[in-house]
Amino acid sequence: MRWLRVTLIGLLLGLACAAAAAELFPGPPAEEGVPLYFSLEVRQKGHVVARPQLLGASGHDVRAVLRSRDGAPRMELLLQPTLRGTKVGLDMHVALPDEPGLGKSFSLRHAEEAQLKLGQDVDVRVLAMRVQSPEFEAYMRNAPPPDEGPNRD
């Protein structure tokens with residue numbers, strides 16, 4: 001019975017040390033000014049609201065305001081990207097006419113696609129990648145042309 005306690009205490013102590021080390025040494029340092037590509041699809045109540053494709057740089061805000069044909073804002077978007085090795089961290093803020101304060105912080109790997117739920121009725125699909133990479137070159141060769149406007153499917 002004593003060996004079980006000693007083993008459990010050792011295991012807990014090891015986990016605590018590993019967690020502390022992860023906090024002290026979070027991984028590669030953030031890279032500033034690296035060109036990044038973002039492709040998003042924003043759906044509200046199952047309908048596509050927007051499919052913006054944006055270029056930005058790590059450490060710099062990326063902003064977009066998409067408007068309807070009559071000039072009214074259809075969506076406002078703010079991305080705040082950070083880059084650490086193969087991980088792209090994003091603080092995303094989305095404002096829609098009837099849902100103005102949506103946002104989420106998350107990270108994804110370079111050239112990985114993530115699906116997020118921002119609100120009860122709002123879903124976002126995000127792809128982020130370095131511009132100067134083989135994955136970006138392949139994506140651009142095979143990408144469909146950008147849409148003229150939102151698809152009402």
Side-chain angles (χ1 to χ4, degrees), residues 12 15-153:
L12 291 174
L15 289 173
C17 289
E23 287 296 316
L24 291 175
F25 307 105
E31 299 176 53
E32 294 283 321
V34 176
L36 298 171
Y37 168 79
F38 305 97
S39 176
L40 293 91
E41 180 179 85
V42 180
R43 288 181 172 264
Q44 186 175 33
K45 298 179 182 171
H47 298 284
V48 175
V49 175
R51 287 188 178 126
Q53 296 180 30
L54 306 164
L55 290 174
S58 59
H60 300 278
D61 292 355
V62 179
R63 296 177 190 270
V65 177
L66 304 176
R67 299 187 180 279
S68 300
R69 294 192 201 293
D70 64 359
R74 185 175 74 216
M75 182 183 86
E76 294 181 39
L77 175 68
L78 169 63
L79 299 175
Q80 296 170 308
T82 56
L83 184 64
R84 291 182 188 273
T86 61
K87 290 268 191 171
V88 179
L90 278 178
D91 289 334
M92 178 189 303
H93 306 278
V94 176
L96 299 168
D98 52 347
E99 294 198 53
L102 302 173
K104 192 166 214 151
S105 295
F106 62 99
S107 67
L108 63 161
R109 293 194 182 281
H110 157 74
E112 176 183 60
E113 191 172 81
Q115 298 219 4
L116 310 164
K117 189 145 195 77
L118 288 188
Q120 183 175 347
D121 297 326
V122 179
D123 298 294
V124 179
R125 192 176 70 211
V126 181
L127 170 70
M129 65 178 79
R130 291 174 180 255
V131 170
Q132 298 166 339
S133 68
E135 295 85 359
F136 178 74
E137 296 297 327
Y139 181 81
M140 285 293 117
R141 274 193 305 274
N142 299 318
D147 288 344
E148 290 285 322
N151 196 1
R152 302 288 179 204
D153 45 2

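Given the structure is predicted, the values throughout are model-derived calculations rather than measurements.
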Quiz item: Do Val65 and Arg67 have side chains that get closer than 4.5 Å, going by heavy atoms?
Solution: yes
Practice problem: Applying side chain to side chain contact (heavy atoms under 4.5 Å, CB included) between Leu40 and each of Arg51, Met75, Met92, report the one that passes. | Solution: Met92
Self-check item: Closest approach of Gly59 to Glu32 (non-hydrogen atoms, all atoms of both residues)
Solution: CA-OE1, 3.5 Å
Quiz item: So do Leu54 and Leu77 actually touch side chain to side chain, heavy atoms under 4.5 Å?
Solution: yes
Practice problem: For the residue pair Lys87 and Arg109, establish whether any side-chain heavy-atom pair is separated by less than 4.5 Å. | Solution: yes
Quiz item: Which value, rounded to the nearest 0.5 Å, describes the distance between Gln80 atom CD and Arg63 atom CZ?
Solution: 7.5 Å
Exercise. Give, for atom NE2 of His93 and atom NZ of Lys104, the distance between the pair rounded to the nearest 0.5 Å.
Key: 13.0 Å
Quiz prompt | For Gly56 against Val62, the heavy-atom pair lying closest together | solution = CA-CG2, 3.7 Å
Exercise. Look only at the side chain of Ser107 and the backbone of Val88, and say whether a donor-acceptor pair between them is shorter than 3.5 Å.
Key: no
Self-check item: Rounded distance [0.5 Å steps], CZ in Phe38 versus CG in Leu79
Solution: 5.5 Å
Practice problem: Would you give the length of the straight line joining atom CD of Glu99 to atom CD of Gln44, rounded to the nearest 0.5 angstrom? | Solution: 5.0 Å
Quiz item: After noting the C-alpha distance and the side-chain angles of Glu41 and Val48, does the key distance pass the side chain to side chain contact (heavy atoms under 4.5 Å, CB included) rule?
Solution: CA-CA 7 Å; Glu41 180 179 85; Val48 175; 4.1 Å; yes
Practice problem: Taking the side chain as every heavy atom from C-beta outward, state whether Arg130 and Leu83 have any atom pair closer than 4.5 Å. | Solution: yes
Practice problem: State, yes or no, whether a side-chain contact exists between Arg43 and Arg125 at a heavy-atom distance under 4.5 Å. | Solution: no
Quiz item: Just by distance, do the side chain of Ser39 and the backbone of Leu127 share a donor-acceptor pair under 3.5 Å?
Solution: no
Quiz item: Got a second to check how far Thr86's OG1 is from Arg84's CZ, nearest 0.5 Å?
Solution: 12.5 Å
Self-check item: For Pro73 against Glu76, the heavy-atom pair lying closest together
Solution: CB-OE2, 4.4 Å
Quiz item: Any idea which heavy atoms bring Phe136 and Val131 closest together, and the distance?
Solution: CD2-O, 2.9 Å
Quiz item: Which pair of heavy atoms, one from Val126 and one from Phe106, lies closest together, and at what distance?
Solution: CG2-CZ, 4.2 Å
Quiz item: Hey, are the side chains of Leu90 and Pro81 touching, using non-hydrogen atoms and a 4.5 Å cut-off?
Solution: yes
Quiz item: Rounded to the nearest 0.5 Å, what separation is found between the CG atom of Leu108 and the CE atom of Met129?
Solution: 10.0 Å
